[in-house]
Amino acid sequence: MPRLASHTDTVPPSGIRRIFELALSLEDVVFLAVGEPDVPVAPEVLAVGAAAWAADDTDYTPNGGIPELRNAIVQTVAERNGIDTDPEQVWVTVGATQGLYLAMTLLLDAGDEVLVPDPGYTTFTMNAHLLSAVPVPYPLRPSAGFTPDLDELERLITDRTRVIIVNSPSNPLGAVFDEPTLRALLAFARRHDLWLISDEVYERFTYGAPHVSIAALAAEGDGRDLERVLTVFSASKTYALTGARVGWLLMPPGFSTLLGASQEAMVSCVNTPAQRAAVAALTGSQESVERAAEHYGENLRLATSALRERGIRYLEPSGAFYLWVDVTYASGGDVAAWAERLLLQRRVAVAPGSAFGRTGEGWIRLCVAASSADLLEGIRRLPDPGSPGADLVSAR
């Protein structure tokens, strides 16, 4: 048979999905591995989507999205993020995942390098490989509170570096970068003439640390930094619409023709009922989002208290709905294999930290978008630090 493209050999499989799919084949599993909101979608949002299906509102839309949604996004990012933009700079995508891929497709040639956070969302690296580009991890280390080290970033720059990806609030860390850190990253991108992709999917879920959009900072002064910043948002986590697949990419001005051609080649457009539902989500009451944030915040408080009582180290979360937990005391240098044993022997599904990059070895990500009972039971089933049985029985 004909051979596949050579770059397909370099695309890493998802270590998160591996655990998740194995867990689906088992019974009585506590699911804490996948970032799926456990709150219901607001009824009025569901009603609008259902009405669109019932009315056969299923025709093609403009490549960039229906005007009502693009206008709603313009108003939303102005009010909540301090970003002044235009409907022609807003591109509705098949979730933030396609938004990220679209952005990277526009910016990276084969062999170009993209700086990706480590630990960081797995798709950053997977996309780079699919484009025959080179992902270059920039470590987020425990010793620095999992914030970027600018000196280390400087050492990673080569003549092939084209893009840096910034993710705050962070998946998987739950970290929120403060304004001075974001300003430093923007200045770094300016200094080396890099594109900057800002993944802000978890923007509505922060706890005591304000979310700051890099595009808002880039607009200050002469605003020229806006020419290098692309921002990705999503309805998936904010409105619990993960399966609806609606995200949006904010581009600098002047790219509408190129984006239209690119979107047409990839997906043509996002399905119409999902776009109608997203309009209702953005323009309607935000009480469901506020309730979700309270729920996740309370779960984080309960979980961190339980971890402290157990003597298990974790990163204090300030955003998203994840807990980054140190299990080096038990994982034996291979947290992916350990997480599989935890699932098989104790029926707890967690995401191994190594799935998010080399710096994640020895850590796990717990999703707190679950019932408090499941969350606390999952933590209860973690091995005790320092006990003789801390390491689970090795697979034979």
Side-chain angles (χ1 to χ4, degrees), residues 35 37 39 72-85 96 99 117 119-121 140 144-150 164-190 196-221 223 225-226 228-240 247-250 281-282 285-301 303-304 314-324 365 367-369:
V39 297
I73 291 167
V74 168
Q75 181 175 347
T76 296
V77 298
E79 293 175 354
R80 295 188 189 143
N81 303 87
I83 301 172
D84 290 323
T85 189
Y121 181 44
L140 305 174
F146 291 99
T147 58
D149 182 325
L150 270 294
I164 180 171
I165 297 178
V166 177
N167 177 208
S168 175
S170 165
N171 175 11
L173 299 172
V176 176
F177 298 162
D178 61 18
E179 185 173 320
T181 298
L182 295 174
R183 288 188 182 279
L185 289 167
L186 183 60
F188 170 81
R190 182 191 318 121
L196 191 154
I197 300 174
S198 182
D199 177 347
E200 302 180 21
V201 165
Y202 294 90
E203 50 153 349
R204 298 293 297 276
F205 303 127
T206 61
Y207 318 100
H211 171 68
V212 178
S213 289
I214 290 183
L217 302 179
E220 296 176 355
D225 279 336
L226 274 173
R228 70 177 72 257
V229 176
L230 293 74
T231 311
V232 176
F233 297 97
S234 176
S236 293
K237 312 298 183 178
T238 303
Y239 299 103
W248 44 95
L249 171 66
L250 304 188
L282 287 170
S285 169
Q286 301 300 297
E287 288 182 10
S288 64
V289 181
E290 294 162 6
R291 285 195 301 269
E294 291 173 1
H295 167 55
Y296 302 146
E298 178 60 21
N299 271 4
L300 284 167
R301 286 188 288 274
T304 52
Y314 62 90
L315 173 66
E316 189 67 41
S318 23
F321 46 60
Y322 302 112
L323 259 177
W324 191 241
R365 187 195 72 178
C367 177
V368 306

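The structure displayed is predicted, hence computed values, not measured ones.
- Counting only heavy atoms from C-beta outward, the side chains of Trp324 and Pro119 approach each other to under 4.5 Å.
- Taking CG of Asp199 as the start and CG of Leu230 as the end, the distance is 12.0 Å to the nearest 0.5 Å.
- Between Val166 and Phe188, every side-chain heavy-atom pair lies at or beyond the 4.5 Å cut-off.
- Shortest non-hydrogen contact noted between Asp84 and Ala78 is OD1-CB, 4.2 Å.
- Remark: the Thr231 side chain and the Glu200 side chain contain no N/O donor-acceptor pair separated by less than 3.5 Å.
- Scanning both residues, Ala215 and Ile83, for their nearest heavy atoms gives CB-CD1, 3.8 Å.
- Judged by distance alone, with hydrogens and angles left aside, the side-chain atoms of Tyr207 form a donor-acceptor pair with the main-chain N or O of Ala320 at under 3.5 Å.
- Aromatic ring pairs are classed by plane angle as parallel below 30°, tilted from 30° to 60° and perpendicular above 60°; the pair Phe205 and Phe321 is tilted.
- Checked against Arg204 for a side chain to side chain donor-acceptor pair (under 3.5 Å), the options Glu290, Gln286, His211 give a single hit: Gln286.
- Results of the side-chain contact (heavy atoms from CB on, under 4.5 Å) test with Phe177 over Leu185, Ile214, Val212 single out Leu185 as the only residue that passes.
- Only one option out of Ile73, Val229, Val232 pairs with Leu250 in a side-chain contact (heavy atoms from CB on, under 4.5 Å); it is Ile73.
- The CG atom of Asp225 sits 9.5 Å away from the CD atom of Glu220 when rounded to the nearest 0.5 Å.
- We find that Glu294 and Arg291 are not joined by a salt bridge, their nearest charged nitrogen and carboxylate oxygen being 4.0 Å or further apart.
- Atom CG of Leu323 and atom OG1 of Thr304 lie 6.5 Å apart (nearest 0.5 Å).
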Q: Give the intermediate values and the outcome of side chain to side chain contact (heavy atoms under 4.5 Å, CB included) for residues Val39 and Tyr296.
A: CA-CA 10 Å; Val39 297; Tyr296 302 146; 3.6 Å; yes
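- Atom-to-atom distance recorded for Ser198:OG and Asn81:CG is 9.5 Å, nearest 0.5 angstrom.
- A distance of 8.5 Å separates OG of Ser234 from OH of Tyr202, quoted to the nearest 0.5 Å.
- Between the side chain of Asn167 and the backbone N or O of Asn171 there is at least one donor-acceptor pair closer than 3.5 Å.
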**Q.** Derivation of the side chain to side chain contact (heavy atoms under 4.5 Å, CB included) call for Tyr239 and Val289
**A.** CA-CA 6 Å; Tyr239 299 103; Val289 181; 3.4 Å; yes
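- Taking all atoms of both residues into account, the shortest heavy-atom contact from Val176 to Ser318 is CG2-O, 3.3 Å.
- Between the OG1 atom of Thr76 and the CZ atom of Phe233 there is a distance of 10.0 Å, given to the nearest 0.5 Å.
- Closest heavy-atom contact between Pro117 and Leu140: CB-CD1, 3.9 Å.
- In this structure a side-chain-to-backbone donor-acceptor pair under 3.5 Å is missing from Ser213 to Ala216.
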